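Nothing here was measured: the structure is a model prediction, and the numbers come from that model. In what follows, chains carry the letters A, B, and so on, assigned in the order in which the sequence lines appear, proteins first and then strands, with residues in each chain numbered from 1.
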There are 2 protein chains.
Amino acid sequence: MTEKDKQTEEKIFESATEVFIEKGMDGARMQDIADHAGINKSLLHYYYRTKDHLFNAVFEMIAGQMFKKFAPVFDEKLSLEEKIKFFFREHITFMQKNPGLPAFLLNEINRNPARIKKLIRQIDVNKLWLTLEAQHKDELKKYNITKQTIPQLMSTMAAISVFPFAARGILEGIFEKMDINFNDYIEERKVFAADFVIKAIKNDSSS
Amino acid sequence: MTEKDKQTEEKIFESATEVFIEKGMDGARMQDIADHAGINKSLLHYYYRTKDHLFNAVFEMIAGQMFKKFAPVFDEKLSLEEKIKFFFREHITFMQKNPGLPAFLLNEINRNPARIKKLIRQIDVNKLWLTLEAQHKDELKKYNITKQTIPQLMSTMAAISVFPFAARGILEGIFEKMDINFNDYIEERKVFAADFVIKAIKNDSSS
DNA sequence: ATATAGTTTAACCAACTAGTCAAAATTAAA
DNA sequence: TTTAATTTTGACTAGTTGGTTAAACTATAT
């Protein structure tokens, strides 16, 4: 029955996702995943031939989810400032709901950079820039943003958004001593981050 | 001979550091570390009883190095703006020389948050704030920086500095398609980061 | 020289791990 | 109902892994 197929295959995939996120590729055990899904270990190999196959399926799904969150920025009909606000609000909210993803991705990418490069190859970076340029020609000129400064600016935005989740363990440790709640900090960050970036680029012409 | 002791123990420690950074705690093999040090595996257990002992020694050393780089900011006799410039220059230069540390630390902290919390407990966060306040009372007021906004600001600075190294695999993948060299990007970032943050806080009163 | 203490090694082990396989159970088709 | 195909299982295996142990080696002190 195709129904049951989907059920078990999905159950395996979901269990694998949870276990891989928690333990990482090296730390995860096929037996753990099987137990978590309430099935026999052999079934894992029946649906996904090897641990590597299973991990790749999970990895590509998660990486895809993460990158997809950047896409709307390139077609929303918003001003540049509103796009910045939109990006931080959406991206941070997504990670709020999936707090384990950033650390998982960064770790596995560093452990095996080739895996992500295969996915990046599918992105047409130049086209994205052209889209942005077409949509915001005047604003980009006003803020002094060029094709040369975009990498610094974009990576800075990604950094401000992603880092708190990747470094959650450290931040929580420090915040404990200051009576700050991590979730409150994250909620606050959605607007802080946008304001911070907008203020920085607004001031650019005066330097 | 104490000379020889130090030699082998250090050789083990250095090899362990390299292997753990490359493979992580779970991925590293005691045999790898022994081979790398050119000694018998049993010697590892002679000097560091278990893999966990050896890993902890390495982890605490690296975490210490990383945190130490934040310290000078609190006693250098510089203006606030100069301190920001100083921080990014020094911190990024340090990571340039040790590009594997950020990813290693973030990963292992997420795998076992308790480990880092033990080290953080030794830091007197409140004292650091008081020091900063005493040294820069007027500037903090001028830039609208308070004890409440410090966490967002500091974590943002850490993010901008650390993230490129933690996400190196992704960035390199994207940069390849834009003919950008990662090392050039990092060199450029030392001043970009400082300028960016300074511009953001300068503009704060007008919001 | 020889006894003592510390260092290094080779051989070994028990526990674990990803993956296999043939048989059993379940489902679909005839 | 019988047959064929698919799915699930339990038992097993070959290879790894962290860790142990007793013996060999080295250096120091008497």
Side-chain angles (χ1 to χ4, degrees), chain A residues 1-62 104 107-108 110-112 114-115, chain B residues 1-62 104 107-108 110-112 114-115:
Chain A
M1 205 203 269
T2 311
E3 267 305 305
K4 205 168 188 180
D5 268 28
K6 272 271 142 53
Q7 266 180 26
T8 36
E9 191 165 349
E10 246 170 54
K11 206 163 51 183
I12 288 173
F13 189 79
E14 284 165 17
S15 299
T17 302
E18 277 190 51
V19 174
F20 277 134
I21 286 176
E22 198 195 319
K23 308 268 191 182
M25 164 68 169
D26 289 334
R29 299 287 160 243
M30 293 297 267
Q31 189 62 59
D32 280 3
I33 296 170
D35 291 348
H36 197 281
I39 51 152
N40 190 285
K41 182 164 69 82
S42 302
L43 257 194
L44 297 183
H45 293 99
Y46 179 74
Y47 284 101
Y48 302 86
R49 203 155 50 261
T50 63
K51 186 185 182 183
D52 230 63
H53 277 74
L54 181 52
F55 179 82
N56 274 333
V58 170
F59 178 84
E60 290 190 14
M61 182 275 273
I62 289 177
F104 168 81
N107 174 34
E108 298 301 341
N110 276 291
R111 202 101 302 152
N112 184 353
R115 228 184 309 248
Chain B
M1 208 203 271
T2 310
E3 267 306 303
K4 207 168 187 182
D5 269 27
K6 272 272 143 54
Q7 269 181 27
T8 35
E9 191 165 350
E10 247 169 54
K11 205 163 53 182
I12 288 174
F13 189 80
E14 283 165 19
S15 298
T17 303
E18 277 189 52
V19 174
F20 277 134
I21 286 176
E22 198 194 320
K23 307 268 191 182
M25 163 68 169
D26 288 334
R29 300 287 157 242
M30 294 297 265
Q31 190 62 59
D32 281 2
I33 297 171
D35 291 349
H36 197 282
I39 52 152
N40 189 284
K41 183 163 69 81
S42 302
L43 257 193
L44 298 183
H45 293 97
Y46 179 74
Y47 284 101
Y48 302 85
R49 204 156 50 262
T50 64
K51 186 184 183 184
D52 230 63
H53 278 74
L54 181 52
F55 179 82
N56 275 333
V58 170
F59 178 84
E60 291 191 13
M61 183 276 273
I62 289 177
F104 168 81
N107 174 34
E108 299 301 341
N110 276 291
R111 203 100 304 154
N112 184 354
R115 227 186 308 249

Report task. Assign B/Ala28 to base, sugar-phosphate, or nothing according to its heavy-atom contacts below 4.0 angstrom with the strands shown. Result ->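 Sugar-phosphate, no base atom in range.
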
I need the [atom1]-[atom2] distance between [X] and [N], as an integer number of Å.
X: A/Asp52; N: C/dG19; atom1: CG; atom2: C1'; value: 13 Å
X: B/Tyr48; N: D/dG19; atom1: OH; atom2: C1'; value: 18 Å
X: A/His45; N: D/dT7; atom1: NE2; atom2: C1'; value: 16 Å
X: B/Leu44; N: C/dA10; atom1: CG; atom2: P; value: 14 Å
X: B/Asp35; N: D/dT16; atom1: CG; atom2: P; value: 13 Å
X: A/Gln31; N: C/dT20; atom1: CD; atom2: P; value: 16 Å
X: A/Leu43; N: C/dA25; atom1: CG; atom2: C1'; value: 12 Å
X: B/Tyr46; N: C/dT8; atom1: OH; atom2: C1'; value: 9 Å

Query raised in the report: Between the side-chain atoms of A/Lys51 and the base atoms of C/dG19, is any donor-acceptor pair under 3.5 Å?
Result: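 In this structure, the two groups form no donor-acceptor pair.
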
Requested in this report: Report yes or no: is there a donor-acceptor pair, N or O only, under 3.5 Å between the side chain of A/Thr8 and the base of D/dT8?
Outcome: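 Checked by distance alone, the answer is no.
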
Query - Minimum side-chain heavy-atom gap A/Met30-A/His45 below 4.5 Å - result: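 Of all side-chain heavy-atom pairs linking A/His45 with A/Met30, at least one is under 4.5 Å.
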
Query raised in the report: Is the closest side-chain heavy-atom distance between A/Asp52 and A/Met25 below 4.5 Å?
Result: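 Touching, per the 4.5 Å side-chain cut-off.
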
Requested in this report: Return the orientation label for the A/Phe55 and A/Phe20 ring planes: parallel under 30°, perpendicular over 60°, tilted otherwise.
Outcome: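 Ring orientation, 0 to 90° scale: perpendicular.
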
Requested in this report: Compute the angle between the rotation axes at the two ends of the helix from C/dA1-D/dT30 to C/dA30-D/dT1, each taken over five pairs, rounded to 10 degrees.
Outcome: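 Angle reported: 0°, given to the nearest ten degrees.
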
Output yes when at least one side-chain N/O atom of [X] is less than 4.0 Å from OP1 or OP2 of [N], else no.
X: A/Arg49; N: C/dG19; value: no
X: B/Tyr47; N: C/dT8; value: yes
X: A/Asn40; N: D/dT8; value: no
X: A/Arg29; N: C/dC16; value: no

Report task. Could you tell me the separation between the CD1 atom of B/Ile12 and the CG atom of B/Leu44, rounded to the nearest 0.5 Å? Result ->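 Those atoms lie 5.0 Å apart.
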
Query raised in the report: Does A/Lys51 use its side chain to pair, donor to acceptor, with the backbone of A/Ala28 at less than 3.5 Å?
Result: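 Answer holds: yes.
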
Report task. Please figure out whether B/Gly38 or B/Lys41 has its closest DNA chain C nucleotide nearer the 5' end. Result ->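 The residue closer to the strand's 5' end, by nearest nucleotide, is B/Gly38.
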
Requested in this report: Kindly point out which of D/dT8, C/dG19, D/dT21 is positioned nearest to the side chain of B/Ser42?
Outcome: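 When the side chain of B/Ser42 is considered, D/dT21 is the closest of D/dT8, C/dG19, D/dT21.
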
Query raised in the report: Please walk me through it: do A/Ile62 and A/Glu108 pass side-chain contact (heavy atoms from CB on, under 4.5 Å)?
Result: CA-CA 11 Å; A/Ile62 289 177; A/Glu108 298 301 341; over 6 Å; no

Requested in this report: Go through the side-chain N and O atoms of B/Gln31 and B/Asp35 and say whether any donor and acceptor fall under 3.5 Å apart.
Outcome: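 There is such a pair (donor and acceptor under 3.5 Å, judged by atom type) between the side chains of B/Gln31 and B/Asp35.
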
